[in-house]
Amino acid sequence: TARQALPLLLAMSSGWALAAQPASNTGEPSNQDNNTADAEQVVSAPPKGWSFELSGGATFAGDTDFDNGIGEFSYDAYELAISARRMVGDSGSLSIELKGGLIDYSITPSPASAVGDAANIGAEFDTVTTMGLTGMYARQIDDTSSWFIGGGVISAGEDDADFGDTLDGLALAGYKHTFSDKLELGIGALVRTRLDDDALIVPLLTLSYRPDERWTIASEGLGLKIDYKASDALNYGIAAEYDSDTFRLDDTHALARGGVATHRRIPVSFYTQYKASDTIELSARVGAQFAGELEILNTSGNEITSQDIDTGIFGSFNISFRF
């Protein structure tokens, strides 16, 4: 999906289990759905020399309601990214990614809305701009084991927010072991600073289980997917994961001046991915977002308001070019 900079760390946490393969493996990356494409770029083995990928996409979330009837909630998001990868020596790989995006929230208070609630403050949201620069180094230890280390800087805020107040940093590291042709497991940790909140430390537990040549059960972000390989060009499946967007507010909000907003949800979707050629890949997904929540904090990290959001439908698409 096209989301703000936080998914950089989610994608990296889901895909690092693909960490660098031996140098003899210089083929194209395996088909993955869009949510793991960024992570695949960061940690799978590129060919000798630099390789690049340009990708773009959009997500459209339909109208839904705050569950206490205070208003309607929807959003559109757009994202563009470019990544570069290369082998380092015979068993390492280096990846760098630059990503930018926009989120456009549409929140309409109802007559039941009151000053200071999530719908009333959210109705004032301007377009949110996101950016991120991340890097990753992965190294193969032997035929069955690999490790990685990485980090970056991400930014998310309303257009008029002070740029310096929109910045967060992240660092992560981990280890993966291949037990057989069917099973890979990994463990690691991610540390990320959070706007006006305590640092977030997340254990990274990854899984890739392939019972046969067509089916794969794998971790994805903070969730799981079941993938079916219909052909060399076509994959499809279902996916579910925890997702969130956090961004800095500008100084125009009377009750949340310079504060922080976080939109949380659990998207569950059907996805399909089509590899049109060795260089072009298309993907799309449709599903529902469950357990939605909009939380708003002040500059001291104290909660101003938090409101649940009803289940709503969404759709997304992505296109990528490798060169």
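In this structure, the side chains of Thr178 and Asp143 stay at 4.5 Å or more apart for every pair of heavy atoms. The side-chain heavy atoms of Pro267 and Tyr242, taken from C-beta on, include no pair separated by under 4.5 Å. With contacts defined as side-chain heavy-atom distances shorter than 4.5 Å, the pair Met87/Trp50 does not qualify. For the pair Phe148/Arg139, no side-chain contact is recorded, criterion being any heavy-atom separation below 4.5 Å from C-beta on. The closest side-chain heavy-atom distance from Leu183 to Leu207 is below 4.5 Å. Between Tyr274 and Ser283 there is no side-chain heavy-atom pair separated by less than 4.5 Å.
At a threshold of 4.0 Å, the pair Asp251-Arg257 does not count as salt-bridged, since none of the basic side-chain nitrogens sits closer than that to a carboxylate oxygen.
Closest heavy-atom contact between Thr59 and Ser316: OG1-CB, 3.4 Å. Shown here for Lys225 and Ala239, the closest heavy-atom pair between the two residues is CB-CB, 3.9 Å. Nearest heavy-atom pair, Ala161 versus Asp250, reported as atom, atom and distance to 0.1 Å: N-CB, 3.6 Å. Residues Arg248 and Thr166 come closest through the heavy atom pair CB-CG2, 3.9 Å. In terms of heavy-atom proximity, Asp196 sits nearest to Gly258 at OD2-O, 4.1 Å. Nearest heavy atom pair, residue Asp76 against residue Tyr78, reads CB-OH, 3.6 Å.
Rounded to the nearest 0.5 angstrom, Tyr271 OH and Ile226 CD1 are separated by 9.0 Å. To the nearest 0.5 Å, atom CZ of residue Phe52 and atom CD1 of residue Ile82 are 7.0 Å apart. From Tyr228, atom OH reaches atom CD1 of Ile238 across 14.5 Å, with rounding to the nearest 0.5 Å. Distance CG/Leu205 to OG/Ser219: 8.5 Å, rounded to 0.5 Å. Rounding to the nearest 0.5 angstrom, the gap separating the CD1 atom in Ile103 from the OG1 atom in Thr130 is 6.0 Å. To the nearest 0.5 Å, the span separating NZ on Lys176 from CD1 on Ile141 amounts to 10.5 Å.
Every residue meeting the side-chain contact (heavy atoms from CB on, under 4.5 Å) condition with Ala288, not counting sequence neighbours, appears here in chain and number order: Phe290, Thr311. Legend: residues meeting side-chain hydrogen bond (donor to acceptor under 3.5 Å, both in side chains) with Ser180, ordered by chain and number and at least two apart, are absent. Judged as a side-chain hydrogen bond (donor to acceptor under 3.5 Å, both in side chains), and not counting sequence neighbours, Thr305 has no contacts. For Thr129, the side-chain hydrogen bond (donor to acceptor under 3.5 Å, both in side chains) test picks out Asp159, with sequence neighbours left out. Legend: residues meeting side-chain hydrogen bond (donor to acceptor under 3.5 Å, both in side chains) with Asn298, ordered by chain and number and at least two apart, are absent.
Relative ring orientation between Tyr175 and His177 is described as parallel, the plane-to-plane angle staying below 30° on a 0-90° scale split at 30° and 60°. Relative orientation of the Phe66 and Phe73 rings is perpendicular, given thresholds of 30° and 60° on the angle between their planes.
Residue pairs satisfying the ring-ring contact (aromatic ring centres under 6.0 Å, His included) criterion with at least one member in residues 184-203, sequence neighbours excluded, are absent. The salt bridge (Lys or Arg N to Asp or Glu O under 4.0 Å) pairs that include a residue from residues 161-173 are Asp168-Arg192, where partners are two or more places apart or lie in different chains. Within the structure, every pair that satisfies the salt bridge (Lys or Arg N to Asp or Glu O under 4.0 Å) test and touches residues 291-314, not counting sequence neighbours, is listed here: Arg264-Glu293, Arg264-Glu295.
Aromatic rings of Tyr75 and His263 (six-membered ring for Trp) have centroids within the 6.0 Å cut-off, being under it.
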Discussion item. Test side-chain contact (heavy atoms from CB on, under 4.5 Å) on Ile154 and Leu133; report intermediate values, then the result.
Written reply: CA-CA 6 Å; Ile154 56 180; Leu133 176 63; over 6 Å; no
Worksheet item: Please walk me through it: do Glu281 and Arg322 pass salt bridge (charged side-chain N to carboxylate O under 4.0 Å, His left out)?
Response: CA-CA 9 Å; Glu281 201 162 74; Arg322 294 186 177 97; 3.7 Å; yes
Sequence neighbours left out, cut at 3.5 Å: what donor-acceptor pairs do the side chains of residues 209-217 make with other protein atoms?
residue, atom, partner, partner atom, Å
Arg210, NE, Asp181, O, 3.4
Arg210, NH1, Ser208, OG, 2.8
Arg210, NH2, Asp181, O, 3.1
Asp212, OD1, Arg214, N, 2.9
Asp212, OD1, Trp215, N, 2.8
Arg214, NH1, Lys229, O, 2.7
Arg214, NH1, Ala230, O, 2.9

Residues 114-127 side chain polar contacts: donor-acceptor under 3.5 Å, at least two apart:
residue, atom, partner, partner atom, Å
Asp117, OD1, Ser113, OG, 3.0
Asp117, OD1, Ala119, N, 3.3
Asp117, OD1, Asn120, N, 2.8
Asp117, OD2, Ser113, OG, 3.0
Asp117, OD2, Ala114, N, 2.6
Glu124, OE1, His253, ND1, 3.0

I'd like a table of donor-acceptor pairs (distance under 3.5 Å, sequence neighbours excluded) in which one partner is a side-chain atom from residues 104-112, with atom names and distances.
residue, atom, partner, partner atom, Å
Ser110, OG, Gly69, O, 2.6
Ser110, OG, Ile70, O, 3.2
Ser110, OG, Ala112, N, 3.2

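In this structure, Ile201 shares a hydrophobic cluster with Val191, the cluster being traced through Ile, Leu, Val, Met, Phe, Trp and Tyr side chains under 4.5 angstrom apart.
Ser320 and Ser55 are not linked by any side-chain donor-acceptor pair at a separation below 3.5 angstrom, with hydrogens and angles left out of the test. Looking only at atom types and distance, the side chain of Asn302 has no donor-acceptor partner in the side chain of Ser300 under 3.5 Å away.
By the neighbour-count criterion of 12 heavy atoms within 6.0 Å, atom CG of Leu98 is densely surrounded, having more than that number from other residues, nucleotides or ligands.
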